[in-house]
Structures are given as C-alpha cells and as structure tokens.
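Please read all numbers here as calculations on a predicted model, not as lab measurements.
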Amino acid sequence: MKTNAENQNIIHEIRQNGRIVLDSDCELLLPMIFNNLTGHNIPDAQQYNDYIEYIAIRNMGFTRGEIELVKNGEVVAKRYITKK
C-alpha cells in the first residue's frame, strides 16, 4: 500500500451522480474496475452488456451514465457506462 506525503492512505473512489459507489485503498483495483465499467477491458459487446447488467447494475448499484474515477478527492477520469 502506498502513502502520500502526509503518510495517509491513497484512496480511490468510483462515483456516480455525486455518490461514492466503490472505494478502496488498493492502487490497482478501482482503476481496473473503472475500465471494465467503461468497456476498455471488455472488447466483446455481449460480454460487456452482460457485465453491466448482471454485475454493475444488479450487484454494484451503478446505472448507465457518467462515472468518475477519483484519487484522494481529485477526479482523474470521467467516462460513461453505456450499452454496446
């Protein structure tokens, strides 16, 4: 686990509509999930649509629309959960 200059944990969050849906202090986990949610890691349209419907919406609480990847309170990426 990496820490910043004040010796605090680095916190990643995925937010939607101003609400934190997921958060973690793992440096790799949420950026990977963020890429899954926006289709960057899942090139097959049917697999992506299934992931969004059955995992992201039903289990994680996301909806289709804009999401933000946040690191220590600063938005580092904005993308969309869509249907391919």
*With sequence neighbours left out, write down each residue that passes side chain to side chain donor-acceptor pair (under 3.5 Å) with N49, or none if nothing qualifies.*
none

*How would you list, by chain and number, every residue that makes a side chain to side chain donor-acceptor pair (under 3.5 Å) with T82, sequence neighbours excluded?*
none

*Atom CG of D23 and atom NE2 of H12: how far apart are they, to the nearest 0.5 Å?*
11.5 Å

_Spacing of I33 atom CD1 and T38 atom OG1 [to the nearest 0.5 Å]_ = 11.5 Å

Taking side chain as C-beta onward, heavy atoms only, is [X] less than 4.5 Å from [Y]?
X	Y	result
T63	Q16	yes
N41	M32	yes
Y48	I81	yes

_With sequence neighbours excluded, residues passing side-chain contact (heavy atoms from CB on, under 4.5 Å) with A77_ = F34, L69

*For I55, what residues pass the side-chain contact (heavy atoms from CB on, under 4.5 Å) criterion, not counting sequence neighbours?*
Y51, N59, M60

Filter on salt bridge (charged side-chain N to carboxylate O under 4.0 Å, His left out), then keep only pairs touching [range], sequence neighbours left out; what's left?
range	value
residues 10-20	E13-R15
residues 37-59	E53-R58
residues 60-73	E68-K78

[X] versus [Y], closest heavy-atom pair with distance:
X	Y	result
S24	L29	OG-CD2, 4.1 Å
A45	K84	CB-CB, 3.7 Å
L30	I14	O-CD1, 3.7 Å

_Looking at D25 and I10, would you say the former's side chain and the latter's main chain have a donor-acceptor pair under 3.5 Å?_
no

*Cluster question for you: counting only ILVMFWY and a side-chain heavy-atom cut-off of under 4.5 Å, with indirect links fine, are I20 and V76 together?*
no

*V70, I11: one ILVMFWY side-chain cluster at the under-4.5 Å cut-off?*
no

*Nonpolar side-chain network containing Y80, other nodes, edges under 4.5 Å*: none

